[in-house]
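In each ligand, atom 1 is the first atom listed, and ligand 1 is the first ligand listed. Side-chain atoms are counted along with the backbone in the values below, which use heavy atoms only and exclude waters and symmetry mates.
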Amino acid sequence: MSLWGGRFSEPSDEDLRLLNDSIRFDQALYAEDIEGSMVYARALAEAGVISAGEAETIVEGLRQVMQEFDSDRFELAAGDEDIHTAVERRLIEIVGDVGGKLHTGRSRNDQVATDFRLWTMRAADRLHEALRMLQAAIVLVAEGHSETVMPGYTHMQPAQPITAAHWLMSFFWMLERDLDRLRASRARMADCPLGSGALAGNPFAIDRQEIGAELGFERASENSLDAVSDRDFVADMLYMISLCATHLSRLAEDILIYSNPSFGFITLDDRYSTGSSLMPQKRNADPMELMRGKTGRLIGNLAGFLTTLKGLPSGYNKDLQEDKEALFDALETMHQLLPVVTATINSLQINSEAMASALTDDLLATDLADYLVRKGVSFRQSHHIVGEVVRAAAERDQTLSQLPLSTLQRICPHFAGDVSDVFDFSLSIQRRDSYGGAAPGAVRAQIRRAKARLDV
Ligand code: ARG
């Protein structure tokens with residue numbers, strides 16, 4: 001039984017049905033669809049459109065439909081175009097004609113907007129939890145490595161020493177902003193569209209504020225025409241997910257580089273490494289490549305859906321049905337990735353010695369310039385002087401610390417015996433104890449602040 005056959009003398013073409021039907025994927029909304037209908041039935045009774053007894057019969061019937069879905073016993077019938085059709089068809093089978101009163105004043109347009117918002121609010125909560133677990137893993141590993149010195153890079157070239165904790169914690173804060181975006185979009189999506197009808201509103205005296213509150217929304221939407229066609233919340237989520245995945249793709253890239261034997265800074269646990277069918281020695285980091293690769297797919301979901309939205313005229317258009325698969329796929333992909341990324345971090349082996357042996361004197365060139373600044377030389381000058389020192393060392397095939405003091409003094413008379421203190425990586429890091437800096441004390445404070453965020 002279709003919800004709309006009356007004005008046609010011929011049934012739909014079978015190929016059109018296959019194209020048009022969304023039941024294949026929108027079944028996932030069954031709980032939200034049924035909850036929305038229960039609240040709506042009671043609102044119709046309160047408005048005097050149906051009797052209290054009729055509302056109870058409908059709600060009881062819906063409860064049975066819910067149980068059938070919950071226990072995987074719901075049987076789809078031919079003509080179940082989407083979840084809304086399927087639920088109403090089954091309701092009428094169970095309670096009889098009175099079930100036909102449920103849709104009074106309602107349209108699938110306000111219904112699907114309500115269902116999908118509610119579903120997405122709950123999905124946002126699940127995603128929030130999964131991201132918190134990843135943050136907790138980062139903090140756990142970082143806590144043990146606030147003194148583990150490693151080279152820091154800019155332009156992928158050795159720059160200044162940092163610590164493994166500082167490197168890892170940088171991703172904590174990216175995720176913190178992602179979570180902030182997630183909470184903000186969840187707060188924005190808490191407008192309840194139910195009661196907007198097909199586009200113009202509801203002619204029966206239903207209490208939209210109460211309907212919204214009962215379903216767990218914060219407010220009733222302000223404009224019925226906007227409410228039935230607004231899918232900002234889907235785009236918001238797809239963007240938040242895309243940016244979050246982009247951050248994790250960068251983490252994955254770091255892990256791929258640092259686990260390369262030429263670096264050897266980290267080793268992935270056997271459980272999160274993969275091998276080669278041909279080359280017996282291989283330890284590949286496929287999960288990280290999948291994180292990086294699937295980020296492309298997630299960005300694709302965002303770009304694709306924005307393209308769907310951009311040309312739509314006012315009101316509901318069937319194009320909007322494309323919202324669900326894009327977001328379902330994005331969330332499913334994230335929930336495939338996140339447990340693996342979290343476990344990869346949790347089990348990450350940090351090779352402190354390999355990190356230490358990658359520390360080269362040139363990482364201290366800035367410190368050498370700062371040394372001259374402390375002797376009263378302007379930084380512009382000292383930068384130039386140390387550039388000459390670097391060149392002199394390269395010409396002699398020596399490192400900075402191997403250059404004799406006499407050579408340094410020939411370049412700049414301000415160099416003195418205490419210059420040897422500069423060539424200490426730990427001291428270099430300790431000096432960078434500004435708020436948010438790489439000094440062990442500053443990183444420990446950073447971790448304390450991060451943990452306070454995890455507690456809320
Ligand atoms: N399956 C549809 C969707 O997901 C439900 C709304 C259909 N509304 C309509 N007027 N055809 O968007």
message: What I want to know is whether Arg231 and ligand 1 share at least one N or O pair that is separated by under 3.5 angstrom.
response: no
statement: Ranked by distance from atom 2 (C) of ligand 1, the top protein heavy atom is Gln321 OE1, 3.2 Å
- prompt: When you measure from atom 11 (N) of ligand 1 to every protein heavy atom, which one gives the shortest distance, and what is it?
  reply: Arg108 NH2, 3.6 Å
message: Can a side-chain donor-acceptor contact be found between Thr308 and Glu322 if the only test is distance below 3.5 angstrom?
response: no
message: Looking only at the side chains, is there a donor atom on one of Asp110 and Ser196 sitting less than 3.5 Å from an acceptor on the other?
response: no
- prompt: Is Ile255 close to Met291 at the side-chain level, that is, under 4.5 Å between some pair of heavy atoms?
  reply: no
- prompt: Would you call the rings of Trp119 and Phe328 parallel, tilted or perpendicular, where under 30° means parallel and over 60° means perpendicular?
  reply: perpendicular
- request: Identify, for atom 3 (C) of ligand 1, the protein heavy atom at the shortest distance, and state residue, atom and that distance.
  value: Tyr316 OH, 3.2 Å
task: State, yes or no, whether a side-chain contact exists between Glu68 and Ile94 at a heavy-atom distance under 4.5 Å.
output: yes
- prompt: Which atoms of ligand 1 sit under 4.0 Å from any heavy atom of Asp82?
  reply: 1 (N), 5 (C)
message: List ligand 1 atoms under 4.0 Å from Lys324, heavy atoms only on the residue side.
response: 3 (C), 4 (O), 12 (O)
- prompt: Under 4.0 Å from any heavy atom of His84, which atoms of ligand 1 are there?
  reply: 5 (C)
- prompt: Does the ring center of Phe116 lie less than 6.0 Å from the ring center of Phe233?
  reply: yes
message: Show the atoms of ligand 1 that are less than 4.0 angstrom away from any heavy atom in Asn109.
response: 8 (N), 9 (C), 10 (N)
